[in-house]
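Structure record follows, encoded as structure tokens.
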Amino acid sequence: MNRRGFLQLMGVTGVAALAASCNRINSTVGTLSSPTNLVRFPEKTEMILLTDRPPQLETPIHYFRQDLTPNEAFFVRWHLEGIPTSVDLRSFRLNVSGHVRHPLQISVDELRSQFEPISIIAVNQCSGNSRSFFEPQVPGGQWKHGAVGNAKWTGVAVKSILDRAQVKSGAEDVSFNGLDVPPLPSVSDFVKALSIDHARDGEVMIAYAMNDQALPMVNGFPLRLVVPGWYGTYWVKALSDITVLPQAFSNFWTDKAYRIPAGPNGTESPKDLAKDTIPINRFNVRSIFVRPDPEETLHPGTPTQIEGIAFDSGYGIRRVEVSTDGGGTWADARLDPELGKYSWRRWRTPWTPTNRGQYRLMARATNAAGDTQSKEQWNRSGFMWNVIQQVDVRVG
């Protein structure tokens, strides 16, 4: 995409704005591909509504049958009601300050013209994706499997920006803040941080394009942080401020919220809560069915294709096994070519059911580090769900 085309997409000659209202779309069929409670926000297609203030919109699963999730269908998750509804790129600046020799104020145009661009295909997943499946139920947004998406992100490595600002010795953390604001002074601003080494690894980036288009307003226009392999809580939207710190960062969103048990797979018991917790960080390994739909009626003797996606924190998916008899037997699915170590990987296997009746399909993924999906899992926050998925289908 050339500079002129990009600036036209970004609306640099005017103001990019998000209308305050959304239109509810009624759905009469409640399936995986056509769920109930659909809404349409500006720049978005029909999506599953969890809340509208702040917006939490879930992607219908049929969009995961594509390698890249369309921008208009990409899930939305904000924490604070005061989200930006318009950004004027003529005055917008990314501020870089703190423990640096040369504080910076950078326009989006300067990000594109003065820094080497990089692109990466990476999964962004909400920490609470699939929270509704935890038993006993835990509070929070009751996502099904659609708080995740895969996109091509284009922008500038945070390392390049920090190098220009010339980080002073003794830097420990880098914090990232966006344009969203708390509704009350008593509410903590949503700010996240990474260690200085992580922020400068060359992969953490500031994205100004998503699937070769400007980011939708509700997905973080004009800039968002991309932290490949880490949960979406770190992917700060509408990024406006980067601060280098000579000490460890501390606020509500790291000290109290978004913490997981320090044990394997973030698991604890409802009757014995973990005393040792750490901030949530890297993805665990998981897979999601995208075909057939749950409760879909198939026909005996008719070939069908079982399909899904699998991903992890960057080790790479080595194997996906599928069972069509509720876990009694397993067979390897065929893996599509990799799109990158942070992308999801598509898998598929043919199946011809022979008899009428109810079938339970199951899928489990294993990555190159030998990590696989869990048989059971629970934690108090409903984070990091990666239990082996099962889908019930009827053959009749």
- prompt: Hey, does Val39 have a side-chain heavy atom less than 4.5 Å from the side chain of Asp52?
  reply: no
- request: Could you tell me the separation between the CZ atom of Phe176 and the CZ atom of Phe249, rounded to the nearest 0.5 Å?
  value: 10.5 Å
message: Within a 6.0 Å radius of atom CD on Glu135, are there more than 12 heavy atoms belonging to other residues, nucleotides or ligands?
response: no
Please set out all donor-acceptor pairs under 3.5 angstrom arising from side-chain atoms of residues 239-246, sequence neighbours excluded.
unit_1, atom_1, unit_2, atom_2, d
Ser240, OG, Asn177, O, 3.4
Asp241, OD1, Asn95, ND2, 3.3

task: Taking the six-membered ring for Trp and the single ring otherwise, decide whether the centroids of Phe134 and Trp385 are under 6.0 Å apart.
output: yes
field: Nearest-0.5 Å distance that lies between atom CZ in Arg318 and atom CG in Asp312
entry: 11.0 Å
field: Straight-line distance of Lys256 NZ to Ser188 OG, nearest 0.5 Å
entry: 12.0 Å
query: Can you name the residues that form a salt bridge (Lys or Arg N to Asp or Glu O under 4.0 Å) with Asp163, not counting sequence neighbours?
result: Lys159, Arg200
field: Worked verdict on Ser130 versus Arg286 for side-chain hydrogen bond (donor to acceptor under 3.5 Å, both in side chains)
entry: CA-CA 11 Å; Ser130 309; Arg286 69 169 304 182; 3.1 Å; yes
- prompt: So with a 6.0 Å cut-off around CD of Glu116, is the heavy-atom count from everything else above 12?
  reply: no
message: Is there a side-chain contact between Ile280 and Arg259 in this structure, where contact means two heavy atoms from C-beta onward sitting under 4.5 Å apart?
response: no
message: Run the salt bridge (charged side-chain N to carboxylate O under 4.0 Å, His left out) test on Lys341 and Glu203 for me, step by step, so that the C-alpha distance in whole Å, both residues' side-chain angles and the decisive distance to 0.1 Å come before the verdict.
response: CA-CA 12 Å; Lys341 66 179 183 178; Glu203 294 182 329; 3.5 Å; yes
query: Would Leu104 end up clustered with Val236 when hydrophobic side chains under 4.5 Å apart are linked, directly or stepwise?
result: yes
message: Please tell me whether Val204 and Ile120 are part of a single hydrophobic cluster in this structure, the criterion being side-chain heavy atoms less than 4.5 Å apart.
response: yes
- prompt: Do Lys44 and Asn219 come close enough that some side-chain heavy atom pair is under 4.5 Å?
  reply: yes
- prompt: Do the charged groups of Arg380 and Asp272 touch, with an N to O distance under 4.0 Å?
  reply: no
task: Using the salt bridge (charged side-chain N to carboxylate O under 4.0 Å, His left out) rule, take Asp336 and Arg345 through it: C-alpha gap first, then chi angles, then the decisive distance, then the call.
output: CA-CA 6 Å; Asp336 282 8; Arg345 193 168 186 184; over 6 Å; no
task: Using modelled atom types only, decide if a donor and an acceptor are shared between the side chain of Trp253 and the backbone of Asp189 within a distance under 3.5 Å.
output: yes
query: Would one find more than 12 heavy atoms of other residues, nucleotides or ligands at under 6.0 Å from atom OH of Tyr315?
result: no
field: Worked check of side-chain hydrogen bond (donor to acceptor under 3.5 Å, both in side chains) between Gln373 and Arg364
entry: CA-CA 6 Å; Gln373 295 183 249; Arg364 65 184 179 202; over 6 Å; no
message: Any non-hydrogen side-chain atom of Glu321 less than 4.5 Å from a side-chain atom of Arg319?
response: yes
task: List in chain and number order the residues that pass side chain to side chain contact (heavy atoms under 4.5 Å, CB included) with Glu376, two or more places apart in sequence or in another chain; answer none if no residue qualifies.
output: none
message: I'd like to know whether Asp325 forms a side-chain hydrogen bond (donor to acceptor under 3.5 Å, both in side chains) with Ser323, so could you lay out the CA-CA distance, the side-chain angles of the two residues, the decisive distance to 0.1 Å, and finally the verdict.
response: CA-CA 6 Å; Asp325 57 6; Ser323 173; 2.7 Å; yes
- prompt: Taking the six-membered ring where the residue is Trp, are the ring centres of Trp347 and Phe289 under 6.0 Å apart?
  reply: yes
query: If we only count heavy atoms from C-beta on, is the Thr59 to Ile48 side-chain gap below 4.5 Å?
result: no
query: Which class fits the ring pair Trp344 and Phe311: parallel under 30°, tilted 30 to 60°, perpendicular over 60°?
result: tilted
message: Once rounded to the nearest 0.5 Å, what's the spacing between atom CG of Asp212 and atom CE of Met210?
response: 11.5 Å
field: Arg53 and Glu81: CA distance, side-chain angles, deciding distance, salt bridge (charged side-chain N to carboxylate O under 4.0 Å, His left out) verdict
entry: CA-CA 6 Å; Arg53 293 184 180 181; Glu81 290 187 21; 5.8 Å; no
Cluster check Val322, Leu361: I/L/V/M/F/W/Y, side chain < 4.5 angstrom: yes
- prompt: Side-chain heavy atoms under 4.5 angstrom apart, residues restricted to Ile, Leu, Val, Met, Phe, Trp, Tyr: same cluster for Trp153 and Ile118?
  reply: yes
field: Spacing of Asn129 atom CG and Phe283 atom CZ [to the nearest 0.5 Å]
entry: 9.5 Å
- request: Output the distance between atom OG (Ser195) and atom NE2 (His198), rounded to the nearest 0.5 Å.
  value: 7.0 Å
- prompt: Same cluster or not: are Val387 and Ile288 linked, directly or through other Ile, Leu, Val, Met, Phe, Trp or Tyr residues, by side-chain heavy atoms under 4.5 angstrom apart?
  reply: no
query: Can you tell me if NZ on Lys192 sees more than 12 non-hydrogen neighbours from other groups inside 6.0 Å?
result: yes
message: Check this for me: Arg356, atom CZ, are more than 12 non-hydrogen atoms of other residues, nucleotides or ligands nearer than 6.0 Å?
response: no
His145 ring center near Phe133 ring center (under 6.0 Å): yes
task: Decide side-chain hydrogen bond (donor to acceptor under 3.5 Å, both in side chains) for Ser343 and Asn150; before the verdict, give the C-alpha distance in whole Å, the side-chain angles of both, and the deciding distance to 0.1 Å.
output: CA-CA 6 Å; Ser343 170; Asn150 195 41; 3.0 Å; yes
query: Should the ring pair Tyr258 and Phe190 be called parallel, tilted or perpendicular, given that the plane angle runs from 0 to 90° and is split at 30 and 60?
result: perpendicular
